[in-house]
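Note sheet for the following structure.
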Amino acid sequence: MHPYRTHTCGALGKDQAGETVRLSGWVFRKRDHGSLLFYDLRDHYGITQVVIQPENPLFDKCQHLKQESVITVTGRVEPRSPETVNTKLATGEIEVIAEDIVFESVAAQTPLYLAGDDEGPEDLRLTYRYLDLRRDTMQRNITLRSDIIASLRQRMTGHGFREFQTPILTCSSPEGARDYLVPSRLHPGKFYALPQAPQLFKQILMVAGFDRYFQIAPCFRDEDARADRSPGEFYQLDVEMSFVTQEDVFAVVEDVLHGVFCEFANGKRVDELPFRRIPYSEAMVKYGTDKPDLRIPIELSDISELFRTSDFKAFSGAVANGAVVRAIPVKAIAGKPRSFFDRLVEYAQSIGAKGLAYLVWSDGAVKGPIAKFLKPDELEVIKTQCGVGDGDVVFFMCDAPDAANRISGDIRVKLGRDLEIIEQDVFRFCWVVDFPMFERDEETGQIQFSHNPFSMPQGGLEALDGDPLAVKAFQYDIVCNGTELSSGAIRNHSPEIMLKAFELAGYKREEVEEKFSFLLNAFRYGAPPHGGIAPGVDRIVMLLADATNIREVIAFPMNQRAQDLMMNAPGEVSEKQLRELHIRLRKPVTPEPEAT
RNA sequence: GGGGGCGUAGCUCAAUUGGUUAGAGUCCCAGACUGUCGAUCUGGAUGUCGCGGGUUCGAGUCCCGUCGCUCCCGCCA
């Protein structure tokens with residue numbers, strides 16, 4: 001017999017009744033009846049009830065054994081009597097009567113209690129991650145992650161892609177996020193950087209003629225965390241293709257993502273293919289954001305022109321000064337109490353709105369604070385444009401375009417949540433396309449890249465001769481349920497167009513030639529038109545695991561302050577190590593207490 | 001860098017308007033119990049109220065500072 005197990009803890013049933021088996025696992029729950037002792041023995045695969053009878057010489061020791069100890073049990077599989085069958089357990093029709101028990105690893109009192117619902121404080125969970133990961137939900141999340149990644153790989157190779165490795169030690173890139181730096185021992189004063197993404201390497205692989213690249217790629221960015229953004233490192237399904245249009249990229253990514261979401265949706269619905277395409281400018285008006293949650297059945301619209309000529313001076317004056325008005329129509333809430341509207345106005349103000357007007361269609365009349373300023377035909381236009389009728393409400397907010405979008409988008413999401421009208425059990429996807437190539441910096445007034453400087457401007461070189469702010473890029477995002485899964489682009493493979501684009505963003509020719517010399521050079525020896533995308537693996541797993549926090553789908557995440565509480569990273573290093581790296585520390589000076 | 005929330009027993013949380021010896025569940029310990037399955041019953045132990053200062057006759061509660069965690073803004077080409 002195998003020294004540890006003949007079966008796993010999820011494997012036994014009536015078929016094995018009468019057999020002598022061996023199981024190994026953790027002591028999960030104990031039920032001590034004084035003269036009869038039950039263990040729930042747990043391993044990765046399941047739970048089996050072990051019965052320890054008073055005749056067993058190890059009975060006393062088993063009574064006092066701590067939960068989470070690891071034991072090996074040898075015993076006979078007994079069918080349970082009908083009244084003692086546990087239908088909640090896959091192995092609930094049988095139990096194992098312990099004959100011999102080996103105490104492989106006796107556990108001390110655990111700082112986390114694993115047999116209950118409480119997860120405990122997150123810093124304890126992260127410090128004792130090996131305990132926390134034993135929980136069923138964490139086992140499921142982490143195995144789901146593994147299964148999703150395996151499926152992604154299979155689907156990508158099925159589309160003719162090959163997986164490549166690219167360097168982890170590379171050099172700092174002048175654009176983008178803050179880098180993680182690694183000092184060089186052989187080159188005093190010089191540093192490697194961890195890649196923020198394998199962006200340039202994958203483009204070089206296209207120049208090298210490999211045609212279709214993918215990688216489950218680790219990416220490192222030294223930026224602050226969010227609930228859906230782990231500090232330090234994260235993984236992307238990094239994809240690049242040669243001789244493709246935007247639609248070719250979409251076709252592959254749609255097939256892979258749709259496939260993987262259907263495979264792991266666990267009963268939830270997934271949008272049919274093809275996914276909706278929404279131009280950036282339309283998304284900003286209809287949803288107030290470039291990552292719309294399409295599960296919320298509210299569509300905003302621009303109603304500035306109507307208010308420009310209206311008698312409502314607060315709005316018409318603002319519109320004359322460049323402000324816009326957004327209408328937020330909501331079905332069937334005319335009957336909500338006054339307090340509902342007051343609270344929403346309060347919320348709007350708390351996120352920076354100057355106010356929030358509204359009209360209520362009720363009992364054939366139009367009511368609300370601004371109704372008296374609007375003529376009947378104006379009300380009719382609003383009613384038609386917003387598609388509302390009796391019982392419905394339209395909110396209005398007026399501000400500069402950026403603020404109006406942001407605030408009305410936030411209100412849309414808040415209404416969705418508060419009214420509980422967000423569709424459940426569905427994954428709603430869309431592509432957001434036609435991002436602007438450039439934007440104006442609010443403070444300096446400078447033209448700058450709004451997203452990726454290496455994207456191809458639509459219209460090519462000619463388009464760059466006109467108004468830069470009117471230039472769109474072959475730049476796209478894929479969004480699921482309000483989560484941005486990925487950005488991608490058709491790349492700019494022409495040195496001439498690239499130099500021109502950078503020039504518009506205020507970079508001198510020589511500067512660009514110097515910073516990106518290898519890329520420009522590569523493009524000067526025959527570069528295929530190419531493009532790609534890089535969906536975030538952690539976020540895909542998060543959506544499919546129905547997790548609200550990205551740390552729930554990462555085995556060993558760092559906390560919000562970018563510390564690994566289990567490993568104690570980042571940690572100090574010895575003076576010898578520093579000397580080898582030619583580094584002298586320059587710690588922040590702690591202010592001395594003031595003399596009195 | 002900025003803003004919000006939280007911080008009371010190992011864990012989850014309570015403590016009235018500032019007022020007696022800071023409570024409950026759970027965990028833990030001891031005892032009882034041969035059919036439980038988050039076993040049950042009885043008893044017991046457990047506190048730097050995050051830390052420092054201030055106001056007050058009196059502070060877990062109010063004020064100031066600080067630390068930690070978390071969510072958000074900035075940031076994330």
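Below, chain A is the first sequence line, B the second, and so on; all start at residue 1.
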Any residue of residues 484-504 of chain A with a heavy atom less than 4.0 Å from an atom of RNA chain B
none
Whole angstrom is fine here: how far is it from CG in A:Asp40 over to C1' in B:U36?
9 Å
For B:G38 and A:Lys88 - does any side-chain N or O of the residue sit under 4.0 Å from the phosphate oxygens OP1/OP2?
yes
Looking at A:Gln563, does any N or O in its side chain come under 4.0 Å of the phosphate oxygens OP1/OP2 on B:C69?
yes
Distance in angstrom units between A:Glu439 CD and B:C76 P, rounded:
10 Å
What are the two closest non-hydrogen atoms of A:Arg551 and A:Met138, and how far apart are they?
O-CE, 4.3 Å
Compare side-chain N and O positions of A:Ser35 against OP1 and OP2 of B:U34 and report whether any pair is under 4.0 Å apart.
yes
So A:Pro453, base contact, sugar-phosphate only, or nothing? Heavy-atom distance under 4.0 Å.
base
With no hydrogens and no angle check, do the side chains of A:Ser455 and A:Gln475 hold a donor and an acceptor under 3.5 Å apart?
yes
Provide the distance between the two P atoms, one in B:G44 and one in B:A24, to the nearest whole Å.
11 Å
Distance-only donor-acceptor check, side chains A:Glu122 and A:Asn559, under 3.5 Å:
no
Under-3.5 Å donor-acceptor pair between A:Arg229 side chain and B:C75 base
yes
Can you say whether the rings of A:Tyr280 and A:Phe435 are parallel (under 30°), tilted (30 to 60°) or perpendicular (over 60°)?
tilted
With both distances under 3.5 Å as the test, what is the Watson-Crick or G-U wobble partner of B:U42?
B:A30
Taking the side chain as every heavy atom from C-beta outward, state whether A:Leu114 and A:Trp26 have any atom pair closer than 4.5 Å.
no
Parallel, tilted or perpendicular for A:Phe516 and A:Phe454, by the 30°/60° rule?
perpendicular
Which of B:G74, B:U36, B:C11 is nearest the side chain of A:Asp224? It is B:G74
For A:Gly120, answer base if it contacts any base atom (sugar-phosphate contacts may also be present), sugar-phosphate if it contacts only those atoms, and nothing otherwise; contact means non-hydrogen atoms under 4.0 Å.
sugar-phosphate
Nearest to the side chain of A:Asn86, which nucleotide is it out of B:C37, B:G38, B:C71?
B:C37
Side chains of A:Leu36 and A:Gln53: closer than 4.5 Å at any heavy-atom pair?
yes
Please report the distance, rounded to the nearest Å, between CG in A:Asp123 and C1' in B:C67.
13 Å
Checking N1-N3 plus N6-O4 or O6-N4 for Watson-Crick, or N1-O2 and O6-N3 for wobble, each under 3.5 Å, the partner of B:U8 is none
Ignoring hydrogens and geometry beyond distance, is the side chain of A:Arg80 in donor-acceptor contact with the base of B:C37 at under 3.5 Å?
yes
Counting any heavy atom closer than 4.0 Å, what does A:Asn559 reach on the DNA or RNA strands: base, sugar-phosphate only, or nothing?
sugar-phosphate
Side chains of A:Tyr287 and A:Asp293: do they bring a donor and an acceptor to under 3.5 Å?
no
Need one value for A:Asn549: base, sugar-phosphate or nothing, where a base atom within 4.0 Å counts as base even if backbone is also close, heavy atoms only.
sugar-phosphate
Among B:C71, B:C75, B:U34, the nucleotide that comes nearest once only the side chain of A:Leu36 is considered
B:U34
Pair of N/O donor and acceptor under 3.5 Å linking B:C76 base with A:Arg221 side chain:
no
Determine whether the aromatic ring of A:His33 stacks with the base of B:G35, defined as ring centroids separated by less than 5.5 Å and ring planes inclined by less than 30°.
no
Separation between the C1' atoms of B:U61 and B:G18, rounded to whole Å
7 Å
Counting only side-chain nitrogens and oxygens, does A:Arg31 get under 4.0 Å of the OP1 or OP2 atom of B:U36?
no
Go through it in stages, so that I can follow the logic: the residues are A:Asp32 and A:Lys30, the test is salt bridge (Lys or Arg N to Asp or Glu O under 4.0 Å), and I'd like the CA-CA distance, side-chain angles, deciding distance and then a yes or no.
CA-CA 6 Å; A:Asp32 183 353; A:Lys30 287 165 65 180; over 6 Å; no
For B:C73, take OP1 and OP2 only and decide whether either is under 4.0 Å from a side-chain N or O of A:Arg226.
yes
Quickly work out the A:Leu89 CG to B:U36 C1' distance and round it to whole Å.
12 Å
Sugar-phosphate, base or nothing in reach of A:Arg551, heavy atoms under 4.0 Å
sugar-phosphate
If you measure only the distance, is there a donor-acceptor pair under 3.5 Å linking the side chains of A:Gln67 and A:Arg42?
no
Does A:Gln196 place a side-chain N or O at less than 4.0 Å from the phosphate oxygens OP1/OP2 of B:C76?
no
Any Lys/Arg nitrogen of A:Lys508 or A:Glu514 sitting under 4.0 Å from an Asp/Glu carboxylate oxygen of the other?
no
Any strand, both distances under 3.5 Å, Watson-Crick or G-U wobble: B:G1 pairs with B:C73
Check every strand shown and say whether A:Asp118 touches a base, only sugar-phosphate, or nothing at a heavy-atom separation below 4.0 Å.
sugar-phosphate
Mate of B:G65 where both pairing distances stay under 3.5 Å, Watson-Crick or G-U:
B:C51
Looking only at heavy atoms, which two atoms of A:Met437 and A:Ala473 are closest? And how far apart?
SD-CB, 3.6 Å
Of the listed nucleotides (B:G68, B:G1, B:C76), which one gets closest to any side-chain atom of A:Arg561?
B:G68
Looking across every strand, which nucleic acid part, if any, lies under 4.0 Å from A:Phe38 by heavy atom: base, sugar-phosphate, or nothing?
base
Side-chain donor or acceptor of A:Glu122 under 3.5 Å from a matching atom on the base of B:G68?
no
Sugar-phosphate, base or nothing in reach of A:Glu83, heavy atoms under 4.0 Å:
nothing
What's A:Gln475 touching, base or sugar-phosphate or nothing? Going by heavy atoms closer than 4.0 Å.
nothing
Can you sort out which residues in residues 48-78 of chain A have a heavy atom within less than 4.0 Å of RNA chain B? Ascending by number, please.
A:Gln49, A:Pro54, A:Lys66, A:Gln67
